[in-house]
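As the structure is a prediction and not an experimental result, all values here were calculated from the model. Values below: all heavy atoms of this structure, side chains included; hydrogens, waters and symmetry mates excluded.
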Amino acid sequence: MTPLVRVTQLTKQFAKTRAVDGVSFDIAPGETLGLVGESGSGKSTLGRAVVGLLPATSGESIVDGQNVGTLRGSARKALWRHAQMVFQDPYSSLNPKMTVRDALAEPLRNFGIARGAEADKLIRETIEACGLPASALPRYPREFSGGQRQRIGIARALIVRPNFIVADEPVSALDVSIQAQIINLLQDLKSEFGLTYLFIAHDLAVIRHVSDRVAVMYRGKLVETAPAATLYATPRHPYTQLLLRSVPVPDPKAEIERRRNVTGAEVTNAEATDNGCPFAARCPMAKFPTCSDKAPELSAKASDHLVACHFA
Amino acid sequence: MKTAATLPTPWFAPAWLVRFLRSPISTVVGSLLVLVVVAGVILAPLITHADPMALSSDTLLEPAWAHPMGTDDLGRDELARVLYGGRASLVIGLFSALLSVILGMTIGMVAGFFGGAIDETLMRITEAFQILPKLLVAVVVVSLIGSGLTNEVLVIGLLSWPATARVIRGRVQVIRHEEFIAAAEMSGASWLRVLVRHVAPNVVSFLLVSASLQVASAIMSESFLSFLGLGDPAHPSWGLLLQQGQLFLSDAWWLTTFPGIALAMTILGLNLLGDGVSGSRIVAGSRR
Amino acid sequence: MVIAVASRLLLRRALLAVPLVFAVVALTFFFIRLAPGDPAQILAGDAPTPEFLAQVRAEYGLDQPVWTQFLAFLAKALTGDFGTSLYSKQPVFAVILERFPATVLMTGTAMIVASIVGILVGVASAKRAGSHADTLISSASLLGYSMPGFWVGQLLVLLFSVSLDWFPATGMEAARASYTGWRHIQDVAWHMVLPVTTLALFLLTMIARFTRAAMIDALDQDYVLVAEAKGASRNRILWHHAFRNACVTTITVIGLEFGAVLAGAVVVEIVFGWPGLGRLFYDAIYRRDFPLLTGAFMFSSLIVIGVNMVSDVACALLDPRIRR
Amino acid sequence: MSEPVLSIRDLHVSFPTATVVQGVSFDVMPGEIVGVVGESGSGKSMTARSVLRLLPKSARLGGSIRFRGQEVLDMSPADIRAMRGALVSMVFQDPMTSFNPVLRIGDQIAEAMTLHGQKDRKTLSDRVASLLASVGIGNPKARARAYPHEFSGGMRQRALTAMAVANGPALLIADEPTTALDVTVQDQILQLMRDLNATSGTAILLITHNIAVVASLCRRLIVMYAGRVVEDGPTDEVLTAPRHPYTWSLLQSVPRLDRATGRLVAIKGQPPDPAEPLAGCKFHPRCPWVEERCTRDEPPLEDGVRCWVRPAL
């Protein structure tokens with residue numbers, strides 16, 4: 001099956017730093033790829049570059065047959081008819097001066113999808129699909145809670161009936177009891193509208209829950225990708241292993257078990273260089289000079305399990 | 001809120017009045033002051049029948065019933081001169097503020113919205129303009145090109161835009177990085193539509209504050225020029241009246257007191273209004 | 001170490017100031033060219049003799065192409081040659097230098113007084129933000145901010161010289177007696193009271209307003225809460241933690257508004273007959289002495305640029321995040 | 001049985017528009033680590049801050065907070081300052097904004113000690129270095145001279161913890177200490193707190209929204225909702241056999257890392273607005289087991305649970 005999204009050697013450079021450094025991956029139609037990484041790993045930049053919201057410095061991003069990689073300006077507009085984004089901060093992602101109806105009507109008008117009664121019908125259907133009543137339409141964002149705002153943000157992405165959505169930390173700003181509502185909503189919409197997701201989060205448990213396949217990002221590079229079950233059962237990259245070891249679990253017995261496996265002390269290898277493996281400085285398995293000489297390529301260690309490590 | 005708005009209100013307390021009186025005290029006092037001044041200046045012929053230019057032999061009279069603010073050295077009625085002088089001050093203030101706000105808004109919006117090298121260049125220029133002693137520049141230019149309403153408006157307006165540009169640019173930069181702007185782009189909006197429909201509405205209140213402070217500052221600048229003898233003698237403004245008052249400082253206190261009160265009242269009103277609209281004194285306090 | 005950092009920063013800021021100085025000179029040149037009529041006529045004053053006109057033409061190279069003229073003008077300005085005053089027939093630079101100390105004395109005193117009082121008032125006001133005392137102080141400083149400096153001066157003269165006769169209304173020293181030594185200093189100080197008060201009042205309200213806003217902002221930060229949780233007293237939090245941050249704003253504002261301060265000094269000097277640069281401006285305007293006017297302007301602009309440089313460096317020393 | 005180091009009884013915190021903490025009572029024993037879990041608006045942070053009297057000016061406090069038997073609400077401002085940072089200290093959520101940006105890290109840590117009597121410069125700088133070393137910051141002498149912006153988030157949180165324990169407090173209040181951190185750093189900070197508690201016997205009151213963090217660190221767990229304690233008990237019991245519907249729902253709504261989860265059980269609706277009065281149990285609009293009396297009367301906290309129904313969960 002041809003992938004819906006194909007990203008090849010995508011790089012985004014800001015001033016001197018490479019936020020995204022030669023990233024490649026595919027997403028099959030109907031699949032959810034979970035992208036996980038710590039703050040500053042470049043996962044949000046990658047998400048924005050994939051849909052062309054940020055023009056890439058080099059490389060390709062082909063979504064639904066449209067190559068947007070390094071395009072700027074209105075050339076990207078054609079893609080957004082079919083690829084949309086759900087943002088992180090429900091307080092920043094809605095224009096405070098626009099009613100819900102106006103916010104939802106924007107894409108319909110700009111893309112010339114529908115107008116008048118037809119647009120009205122679409123707006124109603126979409127907001128209701130996202131779990132808000134039509135009575136919400138004439139109101140302003142400030143009248144809604146964080147969770148409700150996130151529903152509005154999802155409706156805005158959904159209204160063009162895209163087939164691909166980048167969800168950038170869609171639940172991390174929400175309270176725990178609200179997170180589950182939004183995760184469930186995104187999963188319901190996926191099956192109802194046949195969506196494909198790139199789901200970005202720093203929460204490993206959320207990523208495990210929503211993803212078919214998971215990509216782990218560290219300092220601008222993908223270090224491991226695998227089907228969710230495989231990755232969580234047998235992580236191969238030392239960084240993935242560290243991440244998974246670090247997360248406490250809400251079960252006292254399991255937590256005691258986890259802590260037994262954690263060595264605790266942080267590793268610092270002074271031999272690491274900028275040319276080598278990005279994780280070399282913190283890696284407990286690093287061997288020098290191999291790890292400081294050359295950055296390892298992402299390569300298949302098992303079918304569908306790619307790891308970027310010299311020794312994994 | 002909704003129920004309050006739909007309830008019928010008595011004629012003497014319509015909803016807008018109630019809302020106005022509930023706004024910050026500085027807004028209320030500020031707008032009342034401005035209102036009084038503007039009304040006085042516009043309705044000058046109804047308030048006094050005296051001609052501000054008519055000379056008489058009653059020179060340097062103390063304030064009395066016939067001349068509530070006294071008369072000047074040429075026997076002109078000071079009340080009339082203050083009222084009509086306000087026209088010159090307000091007109092110059094309004095028009096130069098209009099010029100500087102339009103300039104500042106355009107430059108601030110462009111710099112904040114496009115960022116990068118454009119922003120860098122525009123901000124360096126803005127900074128340079130801000131460091132320049134603007135009143136002294138105005139003095140030199142007006143001395144060279146001659147005084148007159150138009151020249152004063154142009155000079156003050158062209159020198160005062162940096163304050164507005166910086167406020168607007170700062171605000172636009174904040175908004176530019178809000179996620180709803182990225183969302184608007186992805187909604188297929190052109191950059192012009194993003195700017196007009198998504199950025200501008202979130203800048204308007206800052207623009208109002210800036211405009212009100214600009215009018216105050218322009219009136220102040222004009223009075224400075226007039227005081228140095230660079231005003232338009234055909235349209236004597238408050239500053240010009242104060243310059244004349246300086247000559248008779250020890251003989252005729254009323255010639256400095258009354259025009260000064262009018263001037264200070266107007267500027268205070270506008271500053272209060274700016275403070276009140278910004279919701280706190282912080283916006284006014286951080287205009288740089 | 002502080003000196004090393006400061007001189008490094010000063011050098012870098014000086015490099016940034018070069019284009020600004022260049023711009024000021026270019027602007028002045030441009031103004032003279034912009035003025036309607038013959039620039040020689042402007043520089044030579046009203047109704048000059050043909051010989052003098054020719055002399056000015058030669059002196060400024062006005063028969064040369066514009067670019068040559070500009071370079072000559074620039075070269076002269078940068079060496080301190082601002083031309084010859086039409087009225088006194090003396091070099092402009094010398095006339096300015098003669099007047100400069102009086103202005104420095106008054107402006108400097110006013111700045112010191114205003115900074116101390118303004119900061120105290122601003123901090124006290126921010127400490128009680130929202131209280132009646134704060135409202136009163138803020139309203140008073142807004143009122144002060146809204147009154148033109150020269151009018152405040154006029155009112156002070158009316159009250160303290162004309163009505164009460166406490167302080168002299170004009171001049172820098174008593175006209176009749178020529179005091180020396182300690183008596184002279186006393187006399188000058190006596191004459192300074194009203195002009196310094198006037199100028200300081202304008203500056204003070206501005207400093208108080210900006211300091212208050214910056215302090216309120218600083219007191220709202222997490223590190224203030226952390227300091228409180230450490231057991232720091234209210235005063236220590238106010239000065240050691242919040243003000244250390246807020247004063248960066250205060251200093252920046254003083255720098256940026258220094259042009260307005262000089263302009264304020266001009267009018268205050270006129271009201272009080274203070275024999276400084278401001279009087280010079282006034283006389284130059286009045287006598288249409290354009291070489292003197294543009295010279296005084298360029299000189300003041302350079303001072304303003306210098307003050308901004310110093311305030312930039314001071315901010316960088318106070319806030320390690322600005323040091324680059 | 002020894003005296004509790006902290007004893008809170010019927011604590012009320014109210015603002016002019018709303019009451020955010022209502023009738024909170026619990027004890028912290030010496031050397032104990034107690035976790036308080038709740039979402040935003042549950043009143044957990046306000047409870048923590050009232051112990052040090054660090055509430056906004058407009059807040060009104062009621063009830064009793066006793067630290068080693070002494071009533072905190074009756075203390076003079078000088079007594080409170082003497083307690084802050086010395087006997088009871090606090091670590092805050094955001095390490096990026098918790099340090100004063102214009103002062104050196106070492107000086108800020110030293111200040112915690114100068115404020116409580118230690119004035120000798122040499123002793124101070126040695127102590128600062130050893131504190132920084134004890135939280136795992138290498139080259140502490142040099143790092144003490146650094147400014148906050150030269151530290152990473154994780155390092156700042158370590159330094160902040162070092163500052164909090166500088167005077168060897170009897171109680172450390174940690175308000176969401178790991179929320180702003182990456183998981184790998186979070187794990188290090190939790191380990192740091194565990195070590196601190198083990199070596200110096202400092203009692204810790206941990207405030208967090210993350211149940212897993214509590215499971216990792218605390219033996220006792222208090223769950224707060226809408227300004228009230230709804231469940232209080234040993235961590236093992238509360239997490240494996242929750243008795244309050246809110247606790248149960250919260251556990252069901254979080255995806256798990258250690259096993260695949262089916263569809264999440266979301267809690268419907270929103271937490272109540274504290275400005276709008278709500279009769280009965282504050283959780284009843286969102287509770288699947290709601291009965292008629294739940295909407296009428298508020299249940300008391302009995303036997304560690306605040307619920308009328310007590311369904312078998």
Side-chain angles (χ1 to χ4, degrees), chain A residues 14-15 44 47-48 51-54 68 72-74 76-98 102-113 138-141 143 149-150 152-157 159-160 162 165-166 168-170 173, chain B residues 1-6 19 23 105 109-110 112-121 123 167-168 170-210 277-280 283:
Chain A
F14 293 114
S44 264
R48 286 180 175 226
V51 286
L53 200 51
L54 275 175
V68 280
R72 292 165 178 275
S74 55
R76 306 164 300 168
K77 196 173 154 181
L79 172 70
W80 295 334
R81 178 70 181 76
H82 302 287
Q84 279 291 320
M85 187 146 175
V86 173
F87 294 89
Q88 169 174 10
D89 180 357
Y91 290 88
S92 154
S93 63
L94 298 175
N95 186 342
K97 305 277 177 192
M98 267 190 168
D102 288 344
L104 296 185
E106 264 296 276
L108 298 183
R109 173 198 171 277
N110 293 336
F111 290 116
I113 294 171
R139 292 158 67 182
Y140 284 92
E143 300 173 57
R149 282 161 169 258
Q150 203 56 314
I152 300 169
I154 293 169
R156 177 182 52 202
I159 198 151
V160 302
I165 287 182
V166 173
D168 183 7
E169 299 265 16
Chain B
M1 280 294 282
K2 262 182 205 153
T3 46
T6 48
R19 214 168 32 239
S23 50
M105 180 188 73
M109 279 238 194
V110 168
F113 189 74
F114 291 104
I118 297 177
D119 179 40
E120 190 66 20
T121 318
M123 277 304 109
V167 169
I168 298 303
R171 182 67 191 150
V172 170
Q173 251 188 348
V174 170
I175 293 170
R176 187 74 190 83
H177 291 104
E178 299 269 4
E179 287 174 344
F180 69 78
I181 297 299
E185 279 183 54
M186 293 197 78
S187 298
S190 65
W191 70 265
L192 192 65
R193 188 171 170 84
V194 171
L195 194 62
V196 172
R197 190 91 171 83
H198 297 268
V199 177
N202 290 289
V203 175
V204 167
S205 60
F206 284 73
L207 202 63
L208 287 178
V209 172
S210 196
V277 173
S278 70
S280 67
V283 170

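- The residue among B:E185, B:M186, B:H177, B:R197 with the most heavy atom pairs within less than 4.5 Å of chain A is B:M186.
- Interface residue A:D102: only side-chain heavy atoms are found under 4.5 Å from chain B.
- In this structure, OG on A:S92 lies 10.5 Å from CD1 on B:I175, to the nearest 0.5 angstrom.
- The choice from A:A157, A:S93, A:A78, A:A103 that makes the most heavy-atom pairs within less than 4.5 Å of chain B is A:S93.
- With B:E179 contributing its side chain and A:D89 its backbone, the two residues share a donor-acceptor pair below 3.5 Å.
- Heavy atoms of B:R193 lying under 4.5 Å from chain A belong exclusively to its side chain.
- Here B:E178 contributes atom CD and A:N95 contributes atom CG; the two are 9.0 Å apart, rounded to the nearest 0.5 Å.
- The two residues A:K97 and B:P201 come nearest to each other via the heavy atoms CE-O, 3.5 Å.
- Most heavy-atom pairs under 4.5 Å with chain B: of the set A:K77, A:E106, A:R156, this distinction falls to A:E106.
- Here CZ of A:R109 is found 11.0 Å from OG of B:S187. Values are rounded to the nearest 0.5 Å.
- Closest approach of A:P96 and B:F180 over heavy atoms only: CD-CE2, 3.6 Å.
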